[in-house]
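Notes follow once the structure below has been shown.
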Amino acid sequence: MAVNETTTEFMSWEVDVSSCDGLKQERQLSASQRRYYSFCRRKSFAAFVASKRDDSQEDGVSSWCCCSQTFNEHSAIHKHVARSHNAELQQLTQDTYECLLRQLEEEPETQQPNKHSSEAVDISTWIPDVSHISEEQLKNGPGKVLLYYRYCEVEDPHTICAWQKALCEKLHLTGKVRVATEGINGTVGGTNVAADIYINAMHSHPVFKMDKEDFKTSDGGAECFTDLKVGVYKEIVPMGVDPDVISYQLAGVHLEPEEFHKEVEALLAKGDLCSDTILLDCRNFYESKIGQFTRCLAPNIRKFSYFPDYVDQNLELFRDKKVLMYCTGGIRCERGSAYLRSKDVCKEVYQLKGGIHKYLERFPEGFYRGKLFVFDERYAISSNEDIISDCRYCGCPWDRYELCSTRFCCQLVLSCPSCRQDGHTACCPTCQTKGRAQCEATQHHKEECECTDGRPRIPQDV
């Protein structure tokens, strides 16, 4: 039987397939995400039924074997699967849905020639001459990591992508660069010499014309990344909302670090009496866990693509409020503040220009306490000695992340040296048990585990 036949007949049993929990979870999704989820549910049902087909039959007769029973009619096997395999179907649907989301968020768009270009652009004219600089200077020596973004109209993102890849490879830079028609977003590491040449190249490029102040820098180098990834995407920061629908041009008012500092100072001075202002952290929970502004609201979300749904489900929290938003380098606030403003419930929306990075350059001992999470092999950088998080196992102060030791788990864990020495290297007891089961090593597990099972996908903070 073809898959499309199976999915068509499945429609009559669709309500039976999802348990109450599954339906409740689906209702929490946005309209577009519900369409994706519905597609994955039908696809999962079709795949499950197809796996039960008995191909040993001759003369074109179709039958299916499941639970020691044989079914000779489509409707019979569909009814059986819908009524007897709820849990498996729900889990399969969830796995398929999350796999689809990861592909939509992370996979570059198909490389296609730009329809606006009548002739190829010679990117070599944008590559600086480094013949007077030795390979030794480009490869070895003191280094740094750059963090930057620029929102602007990019007519030919694929040409820009090719240029960025050639430029980074020539300078021996590693890192990640996202290019889209709405701009560019990157973080790269290399020697000081190579990084400075990169900054000059971005400054002189006719599309970006970036200034030195547009780059956030920290100690590091090429070793902070495993490789170089450059790609063309729909968004330069994956919020999951079409940039043509919610544009960065709708962003809130940008506040310099000094202005933002004064706003936070005024907020803290009022204490509990201040009910008209919200200090909003736009980052993920594992970022705010090890560092945040004093008295902020830090949503317990795993990805920035969950932020729009968080706003939708907590609109009353922001009604008639002044909102002060911040993130690592400022880019998430550009789209996040635009989305919040589009709801037309806030009195005012402001964002920290340059993000926490620029704030800490100006106020290393200011109102931001703890570490600043970064998306590279360092995991965090610091400007003060405060530790605001605890070891997962013993509860002692600890804020240095490590990846869960269990294969295929992508969760981060805070486990102090003493606990790690005792073997507590997984993110949760479930993963710790998986790690001991070597027989499971060849099977691909979901990255979610006990750490995230108890966390609502979209927290209700109203």
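- Arg302 and Tyr306 make their closest contact through N-CD1, 3.9 Å (heavy atoms, listed as atom of the first residue, atom of the second, distance).
- Counting heavy atoms from C-beta outward, Val130 and Lys170 have side chains that approach closer than 4.5 Å.
- Arg332 has a carboxylate O that lies under 4.0 Å from a charged side-chain N of Glu287, or vice versa, which qualifies the two as a salt bridge.
- With Arg295 as the partner, the side chain to side chain contact (heavy atoms under 4.5 Å, CB included) test is satisfied by one option alone out of Leu279, Asp272, Val264: Asp272.
- For Tyr339, the ring-ring contact (aromatic ring centres under 6.0 Å, His included) criterion is met by no residue, not counting sequence neighbours.
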- Task: Could you check Glu235 against Arg335 for salt bridge (Lys or Arg N to Asp or Glu O under 4.0 Å), going step by step and ending with a plain yes or no?
- Result: CA-CA 10 Å; Glu235 307 171 272; Arg335 294 291 307 286; 2.9 Å; yes
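- Residues passing the salt bridge (Lys or Arg N to Asp or Glu O under 4.0 Å) test with Glu265, sequence neighbours excluded: none.
- With respect to Asp312 and Lys343, a salt bridge is recorded, a charged nitrogen being found less than 4.0 Å from a carboxylate O.
- When the ring-ring contact (aromatic ring centres under 6.0 Å, His included) test is applied to Phe363, the partners found at least two apart in sequence or on another chain are His261, Tyr359.
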- Query: Going through the distances and angles, do Lys347 and Asp320 end up as a salt bridge (Lys or Arg N to Asp or Glu O under 4.0 Å)?
  - Reply: CA-CA 5 Å; Lys347 185 168 62 177; Asp320 299 323; over 6 Å; no
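- Closest heavy-atom contact between Val145 and Cys224: CG2-SG, 3.9 Å.
- When the salt bridge (Lys or Arg N to Asp or Glu O under 4.0 Å) test is applied to Glu365, the partners found at least two apart in sequence or on another chain are Arg369.
- Here the shortest heavy-atom pairing between Thr187 and Tyr148 reads N-CE2, 4.4 Å.
- No donor-acceptor pair closer than 3.5 Å links the side chain of Asp386 to the backbone N or O of Gly291.
- Looking only at side-chain heavy atoms (C-beta outward), Pro397 and Ser389 stay at 4.5 Å or farther from each other.
- For the 3.5 Å distance criterion, the side chains of Gln91 and Asp95 qualify, holding a donor opposite an acceptor.
- Aromatic ring centres of Phe260 and Phe293: separated by under 6.0 Å.
- Gln164 and Tyr198 form a side-chain donor-acceptor contact under 3.5 Å, judged by distance and modelled atom types alone.
- Checked against side-chain contact (heavy atoms from CB on, under 4.5 Å), Ile278 has the following partners two or more places apart in sequence or in another chain: Leu280, Leu297, Leu317, Phe318, Lys321.
- Not a single donor-acceptor pair under 3.5 Å links the side chain of Ser247 to the backbone N or O of Asp244.
- With sequence neighbours excluded, the residues forming a side-chain contact (heavy atoms from CB on, under 4.5 Å) with Asp281 are Arg283, Ser288, Gln292, Cys296, Ala298, Tyr326, listed by chain and number.
- Of the possible donor and acceptor atoms, none in the side chain of Asp214 sits under 3.5 Å from a partner among the backbone N and O of Met210.
- Closest non-hydrogen pair, Val188 versus Cys168, comes out as CG1-SG, 4.3 Å.
- The backbone N or O of Lys165 lies less than 3.5 Å from no partner atom in the side chain of Trp163, so there is not a single donor-acceptor pair.
- At a threshold of 4.0 Å, the pair Glu316-Arg319 counts as salt-bridged, since one of the basic side-chain nitrogens sits closer than that to a carboxylate oxygen.
- Every residue was checked against the salt bridge (Lys or Arg N to Asp or Glu O under 4.0 Å) condition with Glu334, not counting sequence neighbours, and none meets it.
- With sequence neighbours excluded, the residues satisfying ring-ring contact (aromatic ring centres under 6.0 Å, His included) with Phe304 are Phe307.
- Residues Lys234 and Pro243 are in side-chain contact: their nearest non-hydrogen atoms beyond the backbone lie under 4.5 Å apart.
- Leu403 is linked by a side-chain contact (heavy atoms from CB on, under 4.5 Å) to Tyr379, Leu412, counting only residues two or more places apart in sequence or in another chain.
- Residues passing the side-chain contact (heavy atoms from CB on, under 4.5 Å) test with Ala222 are Thr174, sequence neighbours excluded.
- The pair Lys358-Glu256 does not count as a salt bridge, with every side-chain nitrogen at least 4.0 angstrom from each carboxylate oxygen.
- Looking only at distances, no side-chain donor or acceptor of Glu263 sits under 3.5 Å from a matching main-chain atom of Leu255.
- Within a 6.0 Å sphere centred on CD of Glu385, other residues, nucleotides and ligands contribute 12 heavy atoms or fewer.
- Looking at Lys139, Glu135, Gln137 one by one, the single match for side-chain hydrogen bond (donor to acceptor under 3.5 Å, both in side chains) with His172 turns out to be Glu135.
- Scanning for salt bridge (Lys or Arg N to Asp or Glu O under 4.0 Å) contacts around Asp196 gives Lys144, with sequence neighbours left out.
- Using a 3.5 Å distance cut-off with no hydrogens or angles, the side chains of Gln94 and Gln90 do not pair a donor with an acceptor.
- With sequence neighbours excluded, the residues satisfying ring-ring contact (aromatic ring centres under 6.0 Å, His included) with Phe208 are His205.
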